[in-house]
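Worksheet: the structure to be examined is printed underneath.
All ligand and atom numbering here is 1-based and tracks the order in the structure.
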Amino acid sequence: MLKLLDADSSRRLRKFFEETGYTEGNLRKHLGAAELPSRQLRNEARLLDRTSEHTPLNALLRWFWVGIAQQRGRAATVIPSKILALLLESGLVKAEGNSLLPAAMLLHFNGFFVASDHASAIERKHAELVLWPNPTSRSLHRFAVRRHSRATLDLGTGSGILSLAAAQFSDSVVATDLNPRATAFARFNAHLNGVENIEIVEGDCFAPVAGRRFDLILSNPPFFITPQTDHLFCDNSMELDGLCRRLVKEAREYLNEDGYMEMLCEWVQVKGEPWEERLGEWLEGTGCDAWVMKNFTQDPEEYAQRRIRETSHDASQDAASYANYMHYYRHQGVQAIHDGLVVLRRREGKNFVRMEEVPSNPTGDLSEMILSTFAAHDLLGKCDTAEKLLTIHPRLAQDVRLEQICTISEGNWKAETLTLRLTSGFPRHLEVQPQVAEFLSLCDGSRTAVSAILEFASKPNSSSPDKVATECLGIIRKLIERGFMTAAESSPER
Ligand SMILES: C[S@@+](CC[C@H](N)C(=O)[O-])C[C@H]1O[C@@H](n2cnc3c(N)ncnc32)[C@H](O)[C@@H]1O
């Protein structure tokens with residue numbers, strides 16, 4: 001395994017990697033794409049060609065990206081002897097005769113160097129494989145609520161990637177994992193990056209943090225829904241989606257009031273039930289507000305095929321594996337498998353549960369989007385009567401645009417549709433009537449809802465103030481909930 005380096009040695013290694021250009025942005029340019037070596041993609045020949053020139057960067061890439069051995073004498077002509085000594089001392093590189101072999105893959109993510117098992121290890125059915133920063137870790141990282149946290153928990157830390165990022169806005173982070181190889185990698189990565197406020201503990205789910213509470217819990221748990229439990233990094237050890245359900249059910253006990261838990265997960269839809277039903281049971285009585293953002297849906301057949309392709313590279317086993325998977329799903333009445341993000345917030349009082357299907361390409365500051373969505377629900381919860389809602393100061397969000405589509409008719413442009421679009425967060429849109437668009441132009445935070453409604457109702461050809469009020473309040477409520485509008489409760493926001 002890897003050996004922890006002292007602070008000075010870690011700094012020297014990082015500096016060398018940075019100076020040679022082993023950085024996220026540069027690697028993309030240098031390699032032509034940031035994809036890892038993969039038998040499925042059959043890209044090793046291209047990566048070897050891209051790294052054929054004998055330079056320090058290519059020597060590092062051949063070890064820590066492509067994952068191949070290099071002759072010691074040849075490597076020593078481009079890698080300074082002190083750096084080579086540190087690579088050997090840390091165990092990142094190990095000697096076998098005249099060859100120097102990489103013992104880990106090294107990715108640069110979000111300013112951190114992250115060691116993990118090599119991507120090719122997945123093909124060797126390595127049960128205790130430690131995953132590299134991958135699309136799921138990147139996704140959860142983007143959604144992480146980045147406000148000051150007194151204590152953050154990263155449950156199922158793997159390489160420690162989420163902990164490294166969370167350490168920047170947290171007083172302290174606890175990183176846990178059931179796999180001792182993962183805690184070793186996470187500890188190594190914390191040292192390598194000079195991050196000192198991460199405590200790393202081995203254990204099952206919440207057990208290592210019994211009795212402790214957090215402002216933020218992040219978890220990218222092993223959520224695959226398969227009949228097998230071979231891989232710790234992805235196979236859920238309980239029946240179907242049981243592990244994710246367990247984490248949701250237990251979360252409250254480990255959260256401070258107003259603390260968030262964000263968890264990626266997959267869940268099944270059982271025949272005859274709507275997709276929300278199963279999650280409804282998970283979320284019942286948690287003592288938390290919940291927002292479920294459902295992303296992809298797959299039927300069991302495509303899901304089985306995909307998971308087999310991802311975790312098994314022995315085609316001769318495909319027929320048996322597929323039969324086993326399908327028997328499991330049929331036996332359990334699984335109709336579909338969904339994935340998404342579950343966000344919980346511990347809060348005293350009557351909790352809300354919001355479940356929705358969301359587009360898969362959100363943009364902008366997603367931490368801010370999560371905080372403002374929960375704030376919108378708080379506001380609407382407080383303004384639960386028309387009288388209260390009339391007193392708020394509604395304001396269209398900065399990222400809202402109004403789009404008009406016109407068609408040509410008898411030589412003139414004729415307005416067909418007016419659409420409100422949100423340009424950050426989830427790309428939402430909402431078709432509106434021209435009168436609604438006109439009313440919304442009054443919602444700039446300078447007047448109360450009642451003033452905006454009265455002003456609008458006083459325009460020629462308007463309906464009665466009561467009718468306008470009912471309709472406008474409905475619109476305000478909907479727009480606040482969907483993120484198109486914000487509002488101050490009493491004093492105007494200018
Ligand atoms: C999908 S990986 C995520 C790793 C990392 N957080 C990331 O986002 O890249 C799931 C991690 O959970 C760990 N794990 C599996 N079962 C666990 C359990 N019962 N309790 C805690 N960790 C577990 C695995 O060892 C693995 O490191």
| task | Examine the side chains of Asp339 and Asn295 and answer whether a donor and an acceptor come within less than 3.5 Å of each other. | result | no

for atom 20 (N) of ligand 1, nearest protein heavy atom and its distance come out as Cys205 N, 2.8 Å

Practice prompt. Classify the side-chain pair Thr297/His338 by whether it contains a donor and acceptor separated by less than 3.5 Å.
Written response: yes

The closest protein heavy-atom partner of atom 1 (C) of ligand 1 is Phe233 O, 3.1 Å

task: May I ask you to check if ligand 1 and Asp177 share an N or O to N or O distance below 3.5 Å?
output: yes

Quick check on the 6.0 Å ring-centre criterion: do Phe374 and Phe352 meet it? yes

min-distance protein heavy atom vs atom 10 (C) of ligand 1 -> Asn220 O, 3.2 Å

shortest atom 5 (C) of ligand 1-to-protein heavy-atom contact is with Thr157 O, 3.2 Å

Cut-off 3.5 Å, side chains only: do Thr51 and Asn58 have a donor facing an acceptor? no

The residue among Arg46, Arg28, Arg50 that forms salt bridge (Lys or Arg N to Asp or Glu O under 4.0 Å) with Glu35 is Arg46

Note: Asn134, heavy atoms under 4.0 Å from ligand 1, region reported as side chain

Can you check whether Trp132 has an N/O within less than 3.5 Å of an N/O in ligand 1? no

- Query: Quick one: does Gly203 get a heavy atom under 4.0 Å from ligand 1?
  - Reply: yes

Of all protein heavy atoms, the one nearest atom 18 (C) of ligand 1 is Asp204 OD1, 3.5 Å

Do Ser159 and Ser116 get their side chains close enough for a donor-acceptor pair, meaning under 3.5 Å?
-> no

- Any side-chain donor-acceptor pair under 3.5 Å between Asp6 and Ser9? yes

Short version for Ile161: what comes under 4.0 Å of ligand 1, heavy atoms counted, is side chain

Can you confirm, on distance only, whether ligand 1 has an N/O atom lying under 3.5 Å from any N/O atom belonging to Asn179? no

the protein heavy atom lying closest to atom 17 (C) of ligand 1 turns out to be Leu178 CB, 3.7 Å

Of Leu232, Leu247, Leu131, the residue with the heavy atom nearest atom 15 (C) of ligand 1 is Leu232

Discussion item. Side chain to side chain contact (heavy atoms under 4.5 Å, CB included), that's the test. Do Arg246 and Cys205 meet it? Break it down for me.
Written reply: CA-CA 9 Å; Arg246 176 180 162 194; Cys205 294; 3.7 Å; yes

Notebook entry, point to check: Side-chain donor-acceptor pair under 3.5 Å between Arg252 and Thr286, yes or no?
Noted result: no

Contact region, Leu140 to ligand 1, non-hydrogen atoms below 4.0 Å, reads neither

Would you say Ser137 and ligand 1 have an N/O pair spaced under 3.5 Å apart? yes

Any side-chain donor-acceptor pair under 3.5 Å between Asn220 and Thr136?
yes

- Message: Can you tell me if Thr136 contacts ligand 1 (heavy atom of the residue under 4.0 Å from the ligand)?
- Response: no

Closest heavy-atom approach to atom 6 (N) of ligand 1 among Gly158, Gly156, Ala207 is made by Gly156

Residue, atom and distance of the protein heavy atom nearest atom 16 (N) of ligand 1 read Pro222 CG, 3.5 Å

In this structure, is the centre-to-centre distance between the rings of Phe206 and Tyr254 below 6.0 Å?
yes

Could you check whether Phe109 and His141 have their ring centres less than 6.0 Å apart?
yes

Quick note on ligand 1: atoms under 4.0 Å from a heavy atom of Leu162 include exactly 6 (N), 8 (O)

